[in-house]
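Order of the sequence lines sets the chain letters (A, B, ...), proteins ahead of strands, with each chain counted from 1.
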Amino acid sequence: MRIERANMVKPHPPPVLCQLVEGRQVESVERRGKNILLGLSGMGLLHVHLGMTGNLFVIPDVRFRCLSARIWFELDDGKGLIFEDPRTLGRLRFYHRQEASGLLAELGVEPLSDQFTLSRFVELARSSRQPAKIFLMDQRRIAGLGNIYAAEALFRARMDPRKSLSRVSRKKLAALHQAIVEVLNQAVECAVKAYAKPGVFQEAEEFPCQVYAREGKPCLRCGHSIRRIHQGGRSTYFCPACQR
DNA sequence: ACATTATCCTGCACGC
DNA sequence: TGCGTGCAGGATAATG
């Protein structure tokens, strides 16, 4: 194992982490929200967060790692498990499996699972006085929505990102619930298509944003100019005319 | 206890 | 052409 960027690794210092990981077998691969969990032999767990620009993949020969490979593992057959991340906002942590359960308990409901019922969503929404956009990005409530998909879901449900969901009607919440599921399903579909294409250097199929990054452009639904505001230090894009 | 802001980091778009 | 500036993202720490 090699760690080029010490700040991508927590909580152990790189030499300690290497010692903890080397020689162990990957026994399982799971995902919870934006987190990837590699179960290791000996009750270890590698927790990978890709941040914004991170990527995790296996290459046929570890020597062919790419320029922005920040952390990599030489597998026992000579293949390489690469954690690349040009902007280095990704994180890699090692836990003993017992410690990890606490971390996972912090995470909210999986939006593409059958746990994400309308009733559950209504209950969550009614319990928060935060602006809708902030609420949707809170990983402790719903696990997996980031800045782009939160904006897209609100646009599709025609809802104002600045307003709290606490007193919104069940009918409107149903529309937002459905929009979240649709947006995420579409995002997954895009990713699957991109990776299904032959050739390593294929461009990833881009998610067709209807509102994100369209400041000043006409709303695709009503033609009004799209606005950009700041919420929680992040840009929010929305149509002030048809999102209410 | 809550809400807002700063921090990390690099690549890219932009203006002069 | 090239340089500087600002912005983008998620999570967490720090501040109000």
Student: Write down the distance between CG (A/Asp138) and P (B/dT4), rounded to a whole number of angstrom.
Tutor: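 Taking CG of A/Asp138 and P of B/dT4, I get 13 Å after rounding.
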Student: Determine the minimum heavy-atom distance between A/Ser169 and A/Arg126, stating which atoms define it.
Tutor: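 Nearest pair, atom of A/Ser169 first, then A/Arg126: C-NH2, 3.8 Å.
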Student: Just N and O in the side chain of A/His49: are any of them under 4.0 Å from OP1 or OP2 of C/dG10?
Tutor: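 For A/His49, the contact criterion (side-chain N or O under 4.0 Å from OP1 or OP2 of C/dG10) is not met.
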Student: I want to check one thing: is the phosphate of C/dC7, taken as OP1 and OP2, less than 4.0 Å away from some side-chain N or O of A/Arg228?
Tutor: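 No, outside the criterion.
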Student: Once you apply a heavy-atom cut-off of 4.0 Å, does A/Ser235 come out as touching a base, just sugar-phosphate, or nothing?
Tutor: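 If one applies the 4.0 Å heavy-atom cut-off, A/Ser235 turns out to touch the sugar-phosphate alone, with no base involved.
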Student: Can you measure A/Glu152 atom CD to C/dG9 atom C1' for me and round it to whole angstrom units?
Tutor: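 Distance, rounded to whole Å: 15 Å.
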Student: Hey, is the side chain of A/Asn147 poking within less than 4.0 Å of OP1 or OP2 on C/dG9, counting only N and O atoms?
Tutor: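 Checking A/Asn147 against C/dG9: at least one side-chain N or O falls below 4.0 Å of OP1 or OP2.
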Student: So for A/Arg91 and C/dA11, does any side-chain atom that can act as donor or acceptor lie under 3.5 Å from a complementary atom in the base?
Tutor: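 Per atom types, no contact qualifies.
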Student: Closer than 4.0 angstrom, basic N to acidic O: yes or no for A/Glu110 and A/Arg31?
Tutor: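 Yes.
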Student: With nearest nucleotides of DNA chain B determined for A/Arg234 and A/Ile134 from heavy-atom distances, which residue corresponds to the more 5′ nucleotide?
Tutor: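 The residue mapped nearer the 5' terminus is A/Ile134.
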Student: For a quick test of reading the model: is some side-chain N or O of A/Arg93 closer than 4.0 Å to OP1 or OP2 of C/dA11?
Tutor: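 For C/dA11, neither OP1 nor OP2 has a side-chain N or O of A/Arg93 closer than 4.0 Å.
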Student: Ignoring hydrogens and geometry beyond distance, is a side-chain donor-acceptor pair present between A/Ser166 and A/Ser164 at under 3.5 Å?
Tutor: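 Yes - a donor-acceptor pair under 3.5 Å links their side chains.
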Student: Rounded to the nearest 0.5 Å, what separates atom OG in A/Ser235 from atom OH in A/Tyr212?
Tutor: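 If we round to the nearest 0.5 Å, A/Ser235:OG and A/Tyr212:OH are 7.0 Å apart.
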Student: Contacts to DNA chain C from residues 210-217 of chain A, heavy-atom cutoff under 4.0 Å, which residues?
Tutor: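 Contacts with DNA chain C under 4.0 Å: A/Tyr212.
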Student: Can you tell whether the side chains of A/Arg2 and A/Glu4 come within less than 4.0 Å, N to carboxylate O?
Tutor: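 Result for this pair is yes, salt bridge flagged.
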Student: To the side chain of A/Leu89, which of C/dG9, B/dT10, C/dA11 is closest?
Tutor: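 Nearest to the side chain of A/Leu89 among the choices is C/dG9.
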Student: Just to confirm, is there a sub-4.0 Å distance from OP1 or OP2 of C/dA11 to any side-chain nitrogen or oxygen of A/Gln139?
Tutor: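 Yes, such a contact exists.
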Student: Verify the distance criterion only: is there a donor paired with an acceptor across the side chains of A/Glu27 and A/Ser41 at less than 3.5 Å?
Tutor: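 No donor-acceptor contact under 3.5 Å links the two side chains.
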Student: Base, sugar-phosphate alone, or nothing: which one does A/Asn7 contact when heavy atoms must sit under 4.0 Å apart?
Tutor: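 Counting heavy atoms under 4.0 Å across all strands, the contact made by A/Asn7 is with sugar-phosphate only.
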Student: Count the heavy atoms of every other residue, nucleotide or ligand shown that sit under 6.0 Å from CD of A/Gln25, and state whether that count exceeds 12.
Tutor: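 Atom CD in A/Gln25 is not packed in, count stays at 12 or less.
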Student: Answer yes when A/Glu152 and A/Arg214 have at least one side-chain N-carboxylate O distance shorter than 4.0 Å, and no when they do not.
Tutor: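 Result for this pair is no, no salt bridge flagged.
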Student: Would you mind reading off the distance between A/Arg32 atom CZ and C/dA11 atom P, rounded to a whole angstrom?
Tutor: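 Going from CZ in A/Arg32 over to P in C/dA11 covers 13 Å.
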Student: Tell me whether the centres of the aromatic rings in A/Phe121 and A/Phe116 are closer together than 6.0 Å.
Tutor: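 Yes; A/Phe116 has its ring centre under 6.0 Å from that of A/Phe121.
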Student: Rounded off to whole Å, could you give me the CD-to-P distance for the A/Gln231 and C/dG9 pair?
Tutor: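 Taking atom P of C/dG9 as the reference, CD of A/Gln231 is at 12 Å.
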Student: Taking CD from A/Glu4 and P from B/dT10, how many angstroms apart are they, rounded to a whole number?
Tutor: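 Roughly 12 Å, once rounded to whole Å.
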Student: Ignoring the backbone of A/Thr88, work out which of C/dA11, C/dA8, B/dT10 is nearest its side chain.
Tutor: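 Comparing C/dA11, C/dA8, B/dT10 against the side chain of A/Thr88, the answer is B/dT10.
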Student: Could you state the atom-to-atom distance from CE of A/Met137 to C1' of C/dG10 in whole Å?
Tutor: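 Going from A/Met137 (CE) to C/dG10 (C1'), I get 7 Å.
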Student: In whole angstrom, what separates A/Lys133's NZ from B/dT4's C1'?
Tutor: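 It is 14 Å, rounded to the nearest whole Å.
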Student: Given the rule that a pair is Watson-Crick or G-U wobble with both distances under 3.5 Å, how would you write DNA chain B in dot-bracket, using | for pairs to a different strand?
Tutor: ..||||||||||||||
Student: Please report the shortest heavy-atom distance between A/Cys239 and A/Phe155, naming the atom on each side.
Tutor: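 Scanning both residues, the minimum pair turns out to be CB-CE1, 4.4 Å.
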Student: When the distance from CD1 of A/Ile148 to P of C/dG10 is rounded to whole Å, what number comes out?
Tutor: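 After rounding, the gap between these two atoms is 7 Å.
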Student: Would you indicate, yes or no, if C/dA11 has its OP1 or OP2 atom less than 4.0 angstrom from a side-chain nitrogen or oxygen of A/Lys10?
Tutor: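 For A/Lys10, the contact criterion (side-chain N or O under 4.0 Å from OP1 or OP2 of C/dA11) is not met.
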